[in-house]
Amino acid sequence: MMEVNLTMKRISRQRRRGISFCFGLVFALALTPTAPLYAEGLQIDEAVAAAIAIDPIVEALQAKARAQDERAIAAKQWPDPMVKVGVVNLPARSFKLRKE
């Protein structure tokens, strides 16, 4: 019987320690000032500008737009001049003009 009473006392001491720890933790958290309450918030325009500045999709779309602009400028230009030279009716086996 004595052993049963000792284990009951140990459980109750552990329970009391746990409860007092929880109350202490809640009390400490209640007294700790939270950062969002005292910090200055971002305005919506600032938040949007910051999000756009770091978004890789926006950068990719801007690069595609620049490429399209460059293609449009290149399409308005005249093509590079090319010279094409060829020989007609040249015999393929002997390469002599008067033979055939």
Side-chain angles (χ1 to χ4, degrees):
M1 276 299 224
M2 188 68 154
E3 292 178 19
V4 173
N5 289 337
L6 289 176
T7 57
M8 294 297 281
K9 286 184 180 180
R10 285 183 187 163
I11 291 173
S12 63
R13 285 181 190 168
Q14 288 176 352
R15 184 174 291 165
R16 273 189 258 142
R17 286 182 188 162
I19 291 172
S20 63
F21 177 76
C22 289
F23 279 124
L25 184 63
V26 168
F27 183 71
L29 288 175
L31 292 180
T32 304
T34 56
L37 293 177
Y38 299 106
E40 288 186 27
L42 285 177
Q43 298 296 327
I44 189 72
D45 297 333
E46 295 171 350
V48 169
I52 288 174
I54 62 170
D55 192 11
I57 295 174
V58 172
E59 292 177 14
L61 291 175
Q62 288 174 348
K64 283 183 182 181
R66 284 192 302 269
Q68 289 292 341
D69 290 341
E70 294 296 326
R71 284 191 197 117
I73 292 171
K76 292 179 185 177
Q77 305 294 322
W78 286 93
D80 292 333
M82 294 188 300
V83 177
K84 188 173 182 179
V85 178
V87 180
V88 180
N89 293 332
L90 180 68
R93 291 186 184 187
S94 65
F95 296 108
K96 295 181 180 176
L97 295 175
R98 297 189 183 233
K99 186 174 183 184
E100 294 181 14

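Position 1 is the first residue of the sequence, and the numbers go up from there.
- For the atom pair K64 NZ and E59 CD, the distance stands at 13.5 Å (nearest 0.5 Å).
- Connection of I54 to I44 is not established within any shared hydrophobic cluster, with ILVMFWY side chains joined at heavy-atom distances below 4.5 Å, either directly or through further cluster members.
- Distance check, rounded to the nearest 0.5 Å: CD1 of I57 to CD1 of I52 gives 12.0 Å.
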